[in-house]
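The structure appears right after this line, and notes come after that.
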Amino acid sequence: MTRRLPSGTVTLVFTDISGSTELLHATNDRYAALLADHRRVIREAIARHDGAEVDTQGDAFFIAFARASDAVATAREVVSGLEQAGPVRVRIGIHTGEPVLTEEGYVGLDVHLAARIAAGGHGGQILVSQQTRDLVDAADLHDLGLHRLKDVGEVRLFQVGGDEFPPVRSMGRNTVAAPSQRPVGRDRELAELRALIEGGQTRLITITGPGGIGKTTLARTLAADLTDRFGDGLWFADLSATSAGDQVEAQVAAAIGSHGGVVDHLRGRNSLLVLDNFEQVMEAARTVAGWLDGCASLVIVATSREVLRLRAEHEYPLAPLGSDAAVALFEARARAVSPHFRADQRELERLCERLDGMPLALELAATRTRTLTPEQLLSRLDQRFSLLTSGARDVPERQRTMEATVAWSYDLLDPHERELFGRLAVFSGGWTLE
């Protein structure tokens, strides 16, 4: 095999039948004949353009060419020939690189990239990489932009011909950065949220809770866990600096890379949009409803200190950490600043209880273990605003101290709410509705 396969710079082509299972059910006993015709059309085109059949599995072909122009010409003939032969439609991916030639064929990233490009297409569509585009003199190669393909990263894709197809099956431009550390003690919450989304009935989830409880971290982790579920992109829009509802459309459009509106960009795309800190712009809730109406495959996860009050909304109130999880988080963060940290379990439980199981408070307190023991921390918690400071520099200013977090929430209140808040402050142990 190795003697007839080209080496050096090689153009790799992958093809497979789009919707082969549905086609099998629709054609029944005719499918074998259709598959044979499909193979004949492809092999005749390969022979006419000096291609080499590397591998064939089921309804998929792996082909190699010494010249990129021959690869594209073969793809054109295959698509045209199959259109005339019957209902079979193939998707074709083409990439030029320098794969390693072995006794078994080709290996290397270029092979995976060509296969991923083919997987992103639709029946009758030919997709080529930038590397192939640079070697082909053709006026009908249309730039489809950058697409993030699984396991191979971002790739600029071009389409051969001007036919209309659905969006490329890619992972989109994933702007949801996974947290550097998974949230401690939130496995149940992540499983419940994932089940809501994968069930297909919930398209708007609002994660609610007070400042410092971990809404943003949970939302980002959830999105990262769902990367494979949303093939057309996962997007993150931080609304904390947005002060007016009429700015939200432009802010989110910029976050998703749209030069038009949100609906124009996301319509028809299987995508997830995370809207962080929505409590800033509650008047934009109707705008969100319009996005959901206009984009049937869009799922939105919002984080907010209050609900959006939309019909499609499923509220998910985030509770403080339980005792075991709170202690585990405190110990993990304490050891990050003091590797030999050790403490009495009961003292840690008392400390975490006094900190209300709030992740931000626990993390801020843990930074003090360089100089203070848990017992000393407990004795100083009456002055917790002055104690719970010195958060990480790579988090927003409002999350570096508990005082800033509470002040952020207070500043969002209108004058009447602030007056009520001040009156309720006399009930230091909380209060009932009555």
Side-chain angles (χ1 to χ4, degrees), residues 1-2 4-6 10-65 70-97 99-129 132 147 149-152 155 157 159-160 165-166 168-171 228-229 231 270:
M1 177 186 290
T2 55
R4 59 184 295 266
L5 293 180
V10 179
T11 299
L12 307 174
V13 178
F14 279 85
T15 83
D16 72 341
I17 295 177
S18 178
S20 56
T21 302
E22 292 84 352
L23 183 63
L24 173 61
H25 288 304
T27 57
N28 294 320
D29 55 353
R30 293 177 51 229
Y31 184 75
L34 292 172
L35 190 59
D37 284 342
H38 149 263
R39 289 172 176 162
R40 174 185 54 77
V41 168
I42 291 180
R43 284 175 173 145
E44 288 176 355
I46 293 172
R48 277 191 292 271
H49 296 281
D50 298 321
E53 186 177 322
V54 182
D55 193 16
T56 304
Q57 295 183 6
D59 59 15
F61 275 79
F62 177 17
I63 315 158
F65 293 85
D70 287 332
V72 173
T74 298
R76 292 181 192 272
E77 288 191 19
V78 167
V79 169
S80 175
L82 289 175
E83 285 179 351
Q84 299 173 24
V88 174
R89 298 291 178 268
V90 296
R91 50 187 180 181
I92 302 177
I94 306 176
H95 169 65
T96 303
V100 176
L101 183 59
T102 71
E103 291 294 328
E104 300 299 322
Y106 297 105
V107 297
L109 182 60
D110 290 313
V111 178
H112 293 282
L113 179 51
R116 290 299 187 195
I117 292 173
H122 302 272
Q125 187 175 34
I126 305 168
L127 297 176
V128 306
S129 68
T132 301
H147 293 269
L149 304 180
K150 184 178 179 182
D151 301 329
V152 295
V155 181
L157 295 179
Q159 178 184 299
V160 178
F165 294 96
V168 172
R169 293 185 176 97
S170 68
M171 296 169 68
D228 291 345
R229 169 72 170 73
N270 177 32

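Owing to the predicted nature of the structure, the values given are computational and were not obtained by experimental measurement. These values consider heavy atoms only, across backbone and side chains, with no hydrogens, waters or symmetry-generated copies.
Residues Val152 and Leu109 meet the side-chain proximity criterion, which asks for heavy atoms closer than 4.5 Å. Residues Val10 and Phe65 have side chains not in contact (no heavy-atom distance under 4.5 Å, counting atoms from C-beta outward). Using a 4.5 Å heavy-atom cutoff, the side chains of Leu127 and Arg91 are not in contact. Using a 4.5 Å heavy-atom cutoff, the side chains of Thr15 and Val78 are not in contact.
A side-chain contact (heavy atoms from CB on, under 4.5 Å) with Ile94 holds for exactly one of Val128, Val160, Thr74; it is Val128. A side-chain contact (heavy atoms from CB on, under 4.5 Å) with Val13 is found for exactly one of Asp70, Val54, Ile63, namely Ile63.
Here the shortest heavy-atom pairing between Asp59 and Ser20 reads OD2-CB, 3.1 Å. Between Gly93 and Ala118, the shortest heavy-atom distance links the atoms N-CB, 3.5 Å. The minimum heavy-atom distance between Gly124 and Val79, with the atom names listed, is O-CG1, 3.8 Å.
For the pair Thr132 (side chain) and Thr96 (backbone), a donor-acceptor distance under 3.5 Å is present. Side-chain atoms of Asn270 come within 3.5 Å of backbone N or O of Arg229 as a donor-acceptor pair.
Atom CD1 of residue Ile117 and atom NE2 of residue His147 lie 10.5 Å apart, to the nearest 0.5 angstrom. Taken to the nearest 0.5 Å, the CZ atom of Phe165 stands 5.0 Å off from the CD atom of Gln125. Atoms CD1 and OG, on Ile92 and Ser18 in that order, are 11.5 Å from each other to the nearest 0.5 Å.
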(request) Starting from the C-alpha separation in whole Å, work towards a yes-or-no answer on side-chain contact (heavy atoms from CB on, under 4.5 Å) for Val72 and Ile126. (result) CA-CA 8 Å; Val72 173; Ile126 305 168; 5.8 Å; no
(request) Assess whether side-chain contact (heavy atoms from CB on, under 4.5 Å) is satisfied between Phe62 and Val111, documenting all intermediate values. (result) CA-CA 9 Å; Phe62 177 17; Val111 178; 4.1 Å; yes
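Listed by chain and residue number, Asp140 satisfy the side chain to side chain donor-acceptor pair (under 3.5 Å) test with Arg76 (two or more places apart in sequence, or in another chain). Not counting sequence neighbours, the partners of Glu77 by the side chain to side chain donor-acceptor pair (under 3.5 Å) test are Arg48, His49. Residues satisfying the side-chain contact (heavy atoms from CB on, under 4.5 Å) test with Ala114, not counting sequence neighbours, are Leu12, Phe14, His95.
Among pairs with a residue in residues 106-129, those fulfilling salt bridge (charged side-chain N to carboxylate O under 4.0 Å, His left out) read Arg116-Asp151, at least two apart in sequence or across chains.
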Which pairs would a plain distance check flag for residues 27-47, meaning a side-chain donor or acceptor within less than 3.5 Å of a matching protein atom at least two apart in sequence or in another chain?
residue, atom, partner, partner atom, Å
Thr27, OG1, Leu23, O, 2.7
Arg39, NH2, Gly58, O, 2.9
Arg43, NE, Glu53, OE1, 2.9
Arg43, NH2, Glu53, OE2, 3.0

Name each donor-acceptor pair under 3.5 Å that joins a side chain in residues 82-90 to protein atoms two or more places apart or in another chain, with its distance.
residue, atom, partner, partner atom, Å
Arg89, NH1, Leu82, O, 3.4
Arg89, NH1, Gly86, O, 2.8

